[in-house]
There are 2 protein chains.
Amino acid sequence: MNAPVFNNRDCGSCPIRHQAICSRCEQDELDYLDSVKYYRSYDAGQPVVWAGDPLDFVATVVVGVASLSQTMEDGRRQMIGLLLPSDFLGRPGREAVSYDVTAVTDLTLCCFRRKPFEGLLKTSPHIGQRLLEKTLDELDAAREWMLVLGRKTAREKIASLLSIIARRASSLMALKAPDGFAFDLPLTREAMADYLGLTLETVSRQMSALKKDGVIQLEGNRRVRVPDFAKLVAETGDDAGDLFGG
Amino acid sequence: MNAPVFNNRDCGSCPIRHQAICSRCEQDELDYLDSVKYYRSYDAGQPVVWAGDPLDFVATVVVGVASLSQTMEDGRRQMIGLLLPSDFLGRPGREAVSYDVTAVTDLTLCCFRRKPFEGLLKTSPHIGQRLLEKTLDELDAAREWMLVLGRKTAREKIASLLSIIARRASSLMALKAPDGFAFDLPLTREAMADYLGLTLETVSRQMSALKKDGVIQLEGNRRVRVPDFAKLVAETGDDAGDLFGG
DNA sequence: TAGCCACCTTGATCCAGGTCAACCGCGGAC
DNA sequence: GTCCGCGGTTGACCTGGATCAAGGTGGCTA
């Protein structure tokens with residue numbers, strides 16, 4: 001077991017990989033980490049865990065998209081988070097997860113068994129800090145989303161979702177390109193509806209309306225072209241001040 | 001500067017106080033902590049910070065209630081969090097705060113200057129762990145709230161809010177009392193509306209409806225009596241499985 | 001005692017988005 | 001090829017909650 005192996009792991013920006021090449025870490029720790037780290041793959045549509053079930057690992061998304069969602073007894077469903085590559089899944093210190101996790105597209109996770117990971121958190125402050133950082137980001141995103149869910153119109157909701165996915169899928173340069181840019185929508189209309197607190201019919205209608213108004217173009221159902229990103233952002237109802245920001 | 005002073009600080013369950021009496025901590029750290037810790041008070045209705053303004057401290061709520069909210073340019077407002085005693089405010093590693101913080105009732109915060117606190121996080125893993133724990137709890141609560149905002153009816157939203165406040169204001173024993181229990185509502189109808197993504201008229205109507213149906217009794221506008229907690233929870237639309245849980 | 005103001009309630013009407021239903025179009029199985 | 005089923009679109013109609021408007025109530029000041 002020697003050092004280089006930690007550097008060519010392809011984990012996206014997973015916090016552990018960062019940790020593995022951190023010069024302040026002791027070698028023992030790295031060896032230990034490597035021994036508990038493994039990969040898991042899921043097909044699109046496949047469940048990762050159900051709400052209430054124990055989750056014996058924590059993980060980061062390497063490739064693909066996963067959704068976190070809650071379902072009421074009568075079937076009403078709300079997506080409460082979308083995990084894109086580099087996002088963290090799982091809760092150290094708690095065995096069960098309180099929402100359903102589903103692979104939206106084909107998905108690969110980089111996993112760590114939960115118990116050893118928790119031990120690591122106690123002894124390695126860097127990992128905890130990194131994780132705290134990520135959790136705070138997620139909290140900010142969740143709060144941002146509460147404004148979308150609580151106060152925005154259907155059209156504004158759609159525009160908000162598209163602009164968020166566009167930002168995460170495209171480089172800053174692409175967003176600013178004068179002739180626009182395109183991206184793939186990893187979600188079905190139904191999944192979009194679940195995320196936005198709408199019905200799929202309303203999603204479909206508003207997508208059509210945004211198309212008719214020239215805010216977006218559709219190249220097939222799942223590919224969106226944005227001729228002018230500022231125009232899309234203007235439809236979100238947000239302050240345009242942070243147009244190219246977080 | 002001697003040790004006892006750290007033990008009789010009344011900070012609720014503020015993570016620092018816990019830290020201060022933690023046997024694993026070094027005395028230097030405690031002295032340091034004490035030197036950067038101070039209290040701030042706000043009158044009901046007073047702003048603590050506006051979105052985008054720098055916040056030079058992090059804090060925990062000692063007494064009172066604070067709200068976190070976001071406002072759109074046209075005035076639509078969404079409350080995105082409610083801080084009750086022991087809750088944490090502020091974001092280590094970021095200067096500005098992205099939402100308005102307002103004192104809902106008279107409020108006292110236990111504050112730490114941000115820079116020294118960040119230094120402390122680096123050197124004292126216990127504080128970071130404790131904070132991560134709290135942040136994860138807040139994230140869970142935020143996600144729970146997304147279901148409320150996105151999918152629940154007005155009546156279910158009101159019932160959800162009442163049951164959450166009831167849980168935090170009352171002991172487990174009180175919740176189970178066969179003759180019911182009462183609690184003070186720290187929010188105006190307008191603040192409730194902001195939290196729930198409703199108008200204040202709808203809040204008022206649904207409060208009246210719940211009263212008419214015997215789910216709650218009103219002892220004045222701001223005091224709520226719950227004759228049967230299970231009946232209230234049944235109105236939230238949630239699975240009743242965790243009736244007395246988190 | 002009156003008058004004011006912040007907070008709350010209630011009524012009448014409107015409309016965004018939900019519901020129900022029909023249909024389209026494409027890819028995969030046979 | 002043809003069929004089928006899934007994902008998407010569009011239309012017609014309905015309704016829950018928003019909007020607009022008019023009081024009510026209780027605590028404070030003068």
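Lettering of chains follows the sequences in order, A, B, ..., and the numbering in each one begins at 1. If you're wondering where the values come from, they're calculated on a predicted model, not measured in any experiment.
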Task: Reference residue A/Met207; test side chain to side chain contact (heavy atoms under 4.5 Å, CB included); the match among A/Val215, A/Asn221, A/Ile158 - done: A/Ile158

Open item on the list: Filter on salt bridge (Lys or Arg N to Asp or Glu O under 4.0 Å), then keep only pairs touching residues 201-218 of chain B, sequence neighbours left out; what's left?
Closed with: B/Arg155-B/Asp213

Open item on the list: Under 4.0 Å, counting only non-hydrogen atoms across every strand here, what does A/Gly197 touch: a base, just sugar-phosphate, or nothing?
Closed with: sugar-phosphate

Open item on the list: Under 4.0 Å, counting only non-hydrogen atoms across every strand here, what does A/Ser204 touch: a base, just sugar-phosphate, or nothing?
Closed with: base

Open item on the list: On DNA chain C, compare the nucleotides closest to B/Arg205 and B/Asn221; which residue's is nearer the 5' end?
Closed with: B/Asn221

Open item on the list: Distance under 4.0 Å to a non-hydrogen atom of chain B counts as contact; along DNA chain D, which nucleotides mark the start and end?
Closed with: D/dG17 to D/dC20

Open item on the list: With heavy-atom distances below 4.5 Å as the criterion, would you say the side chains of A/Thr236 and A/Lys152 are in contact?
Closed with: yes

Task: Side chain to side chain, B/Leu89 and B/Val101, heavy atoms closer than 4.5 Å - done: yes

Task: Where chain B begins and ends its contact with DNA chain C, read 5' to 3' at 4.0 Å from heavy atoms - done: C/dC8 to C/dA12

TODO: Cation-pi check, B/Arg143 to A/Tyr99: give yes when NZ or CZ is under 6.0 Å from the six-membered ring centre and within 45° of the ring axis, no otherwise.
DONE: yes

Open item on the list: Heavy atoms only, 4.0 Å cut-off, all strands: where does B/Leu200 land among base, sugar-phosphate and nothing?
Closed with: base

Open item on the list: With a 4.0 Å cut-off on N to O distance, would you call A/Arg77 and A/Asp100 a salt bridge?
Closed with: no

TODO: First locate atom OH of B/Tyr195, then atom CD of B/Gln78, and finally report the distance between them rounded to the nearest 0.5 Å.
DONE: 9.5 Å

- [ ] Note down the inter-axis angle between the two ends of the helix from C/dT1-D/dA30 to C/dC30-D/dG1, five pairs each, to the nearest 10°.
- [x] 30°

TODO: Under 4.0 Å between any heavy atoms, over every strand shown, what does B/Arg76 touch: base, sugar-phosphate, or nothing? Just pick one.
DONE: nothing

- [ ] Quick one: pull up OG in A/Ser41 and CG in A/Leu107 and give me the separation to the nearest 0.5 Å.
- [x] 7.5 Å

- [ ] Have a look at A/Thr199 and say if it touches a base, only the backbone sugar-phosphate, or nothing, with a 4.0 Å heavy-atom cut-off.
- [x] base

Task: Those residues of residues 144-165 of chain A lying under 4.0 Å from DNA chain C by at least one heavy atom - done: A/Thr153, A/Ala154

- [ ] Evaluate the side-chain contact (heavy atoms from CB on, under 4.5 Å) criterion for residues B/Arg225 and B/Leu218: first the C-alpha distance (whole Å), next the side-chain angles of each, then the deciding distance (0.1 Å), finally the verdict.
- [x] CA-CA 6 Å; B/Arg225 170 160 287 281; B/Leu218 295 177; over 6 Å; no

Open item on the list: Quick check for you: to the nearest 0.5 Å, what is the distance between A/Phe183 atom CZ and A/Glu219 atom CD?
Closed with: 10.5 Å

Open item on the list: Going by side-chain contact (heavy atoms from CB on, under 4.5 Å), name the residues that satisfy it together with A/Ala191, two or more places apart in sequence or in a different chain.
Closed with: A/Met79, A/Leu187, A/Thr188

Task: Pairwise side-chain contact, A/Val62 with A/Leu109, heavy-atom cut-off 4.5 Å (strictly under) - done: no

Task: Pairwise distance CG(B/Leu198) to CD(B/Glu190) - rounded to 0.5 angstrom - done: 12.5 Å

